[in-house]
Amino acid sequence: MNTSPLSATEVAGFQAHVYRYFSLHGRSLPWRFSSNPWHIFVSEIMLQQTQVSRVAEKYPPFIEAFPTPQALAQSPFPQVLALWNGLGYNRRARFLHSAAQQIHTLHHDSVPSTTSDLMALSGIGAATAAAIRAYAFNLPEIFIETNIRAVYIYHFFPQNDAVDDCQLLPYLRQTLDKTAPARWYNALMDYGVLLKRTLKNPAKRSKHHSIQSTFAGSDRELRGKVIRILLQKDKQPKDELIKAITDDPARGERIIQSLIKDKILSSEAEILFLSTG
DNA sequence: CTCCTGCTCA
DNA sequence: TGAGCGGGAG
């Protein structure tokens with residue numbers, strides 16, 4: 001097991017390389033100006049599988065509306081969804097709403113800092129928990145996401161294909177700037193964005209890379225349409241709503257049921273409305 | 001066409 | 001382990 005693949009000189013050189021780019025071209029993003037763990041928590045949920053440019057637009061009004069876990073926890077879900085709409089993966093709004101209620105009731109409105117407490121919250125997996133610990137609490141965590149993959153695959157596995165995250169971990173552990181984890185990950189991800197923009201996405205050589213199914217004509221396109229309709233209409237008879245999104249009643253029914261299963265929709269006597277939370 | 005600071009559930 | 005989940009910029 002090669003736990004320390006790099007020399008001290010190589011580590012210092014790599015860190016300097018990443019920080020040099022960061023100091024010249026680092027992005028100034030809304031959530032980076034905050035040290036409020038809740039605000040950083042919200043940004044991490046929004047950023048799951050979602051471009052920074054999109055989150056940068058939606059984040060400020062969302063934080064203004066829900067500045068504390070309590071504010072979000074006590075708001076009706078449709079109001080949350082209204083400010084979330086456009087970010088995509090709307091069930092994350094449900095997860096975030098639930099997480100806020102958990103933080104409010106279980107942790108007295110302060111975002112927990114332990115990995116187990118974070119992962120017990122809705123919508124928080126290993127990667128997001130570690131990212132929150134690094135960004136909100138400046139703890140020396142190790143986590144991998146697509147930009148980080150691009151950096152480490154490009155620098156340390158230039159010839160390899162189907163690189164497993166396990167192979168990257170020793171390099172991440174050794175190169176992590178433990179004196180400033182939050183700043184380090186900011187620098188790392190900004191540098192990764194550069195590599196992906198200029199080098200045809202080195203992260204494609206990750207074992208964990210997968211092609212997404214097309215969005216046009218997909219079920220999740222129709223799910224999004226349902227939500228936008230109900231944000232306008234308040235409530236709708238089920239059969240009318242199904243007809244509004246598709247000519248295939250069975251498919252429409254399946255879409256509705258999946259939204260109910262995700263607790264985004266509720267129904268009473270064939271009337272559909274956004275779940276109230 | 002691609003993929004985006006992943007997670008949940010089967 | 002894999003399928004499913006938004007929506008749009010490039």
Side-chain angles (χ1 to χ4, degrees), chain A residues 26-27 29-32 40-59 81 84-96 98-99 118-136 141-152 164-165 168 172 181-182 184-229 231 245 251 254-265:
Chain A
R27 300 171 294 183
L29 304 169
W31 48 92
R32 290 185 180 175
I40 296 174
F41 183 96
V42 171
S43 77
E44 290 299 325
I45 304 296
M46 290 185 169
L47 286 160
Q48 291 169 355
Q49 288 289 289
T50 305
Q51 277 96 341
V52 162
S53 58
R54 183 167 311 185
V55 175
E57 287 185 8
K58 302 289 181 179
Y59 174 81
L81 208 44
W84 183 275
N85 194 33
L87 280 172
Y89 286 159
N90 295 298
R91 60 181 192 172
R92 285 182 300 165
R94 162 57 70 195
F95 292 149
L96 180 54
S98 299
L118 284 168
M119 288 189 66
L121 301 173
S122 306
I124 306 295
T128 305
I132 290 169
R133 279 166 58 78
Y135 284 126
E141 276 297 315
I142 298 294
F143 65 97
I144 294 177
E145 51 72 59
T146 184
N147 294 315
I148 295 173
R149 282 197 189 101
V151 173
Y152 284 86
D164 195 292
D165 283 349
L168 303 180
L172 264 85
W184 170 245
Y185 279 109
N186 280 336
L188 207 48
M189 293 172 84
D190 286 6
Y191 179 57
V193 170
L194 168 73
L195 293 181
K196 292 163 76 173
R197 192 172 63 238
T198 58
L199 294 178
K200 206 85 157 178
N201 197 357
K204 277 194 190 176
R205 291 193 286 110
S206 167
K207 179 185 177 186
H208 311 278
H209 176 75
S210 64
I211 305 291
Q212 267 192 272
S213 57
T214 44
F215 173 66
S218 68
D219 282 2
R220 60 189 198 277
E221 181 180 36
L222 296 186
R223 282 169 56 108
K225 189 175 289 186
V226 168
I227 290 170
R228 283 192 295 279
I229 289 174
L231 282 173
I245 62 170
R251 186 185 185 193
R254 195 175 68 243
I255 301 288
I256 298 302
Q257 290 307 322
S258 75
L259 284 166
I260 291 175
K261 182 172 179 294
D262 286 342
K263 300 187 187 304
I264 294 171
L265 246 57

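All values below come from the heavy atoms of this structure, side chains included, with hydrogens, waters and symmetry mates left out. The structure displayed is predicted, hence computed values, not measured ones. Residue numbering restarts at 1 for every chain, and letters A, B, ... go by the order of the sequence lines.
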Checklist entry - Base, backbone or nothing for each nucleotide of nucleotides 4-10 of chain C, written B, S, -, heavy atoms under 4.0 angstrom, 5' to 3'? => result BBBBB--
Distance check needed: [N] [atom2] versus [X] [atom1], whole Å only.
X: A/K58; N: B/dC4; atom1: NZ; atom2: C1'; answer: 16 Å
X: A/I124; N: B/dC9; atom1: CD1; atom2: P; answer: 13 Å
X: A/M119; N: B/dC7; atom1: CE; atom2: P; answer: 8 Å
X: A/Y152; N: B/dT5; atom1: OH; atom2: P; answer: 17 Å
X: A/N147; N: B/dG6; atom1: CG; atom2: C1'; answer: 13 Å

Next on the checklist: Once side chain to side chain contact (heavy atoms under 4.5 Å, CB included) is applied, do any residues pair with A/K225, and if so which ones, sequence neighbours excluded?
Outcome noted: A/R228, A/I229, A/I245
Item to check | Any side-chain heavy-atom pair of A/L29 and A/Y59 under 4.5 Å | outcome: no
Under the rule for salt bridge (charged side-chain N to carboxylate O under 4.0 Å, His left out), what residues qualify as partners of [X], not counting sequence neighbours?
X: A/E141; answer: A/R133
X: A/R251; answer: A/D219
X: A/R149; answer: A/D165

Checklist entry - Which parts of residues 193-205 of chain A get close to DNA chain B, meaning a heavy atom less than 4.0 angstrom away? => result A/K196, A/N201, A/K204
Next on the checklist: Tell me every residue that passes side chain to side chain donor-acceptor pair (under 3.5 Å) with A/S213, counting only those two or more places apart in sequence or in another chain.
Outcome noted: A/R220
Next on the checklist: Could you work out, with side chain to side chain donor-acceptor pair (under 3.5 Å) as the rule, every residue matching A/Y191, not counting sequence neighbours?
Outcome noted: A/H17, A/H155
Checklist entry - Using a cut-off of 4.0 Å on non-hydrogen atoms, how would the nucleic acid contact of A/H209 be classed: base, sugar-phosphate, or nothing? => result sugar-phosphate
Checklist entry - Hey, does A/A127 reach any base, or is it just sugar-phosphate, or nothing, if we go heavy atoms under 4.0 Å? => result sugar-phosphate
Checklist entry - salt bridge (Lys or Arg N to Asp or Glu O under 4.0 Å): which pairs involve residues 192-207 of chain A, sequence neighbours left out? => result A/D164-A/K207
Checklist entry - Out of B/dG6, B/dC3, B/dT8, which nucleotide sits closest to the side chain of A/F95? => result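 Nucleotide nearest to A/F95's side chain: B/dT8.
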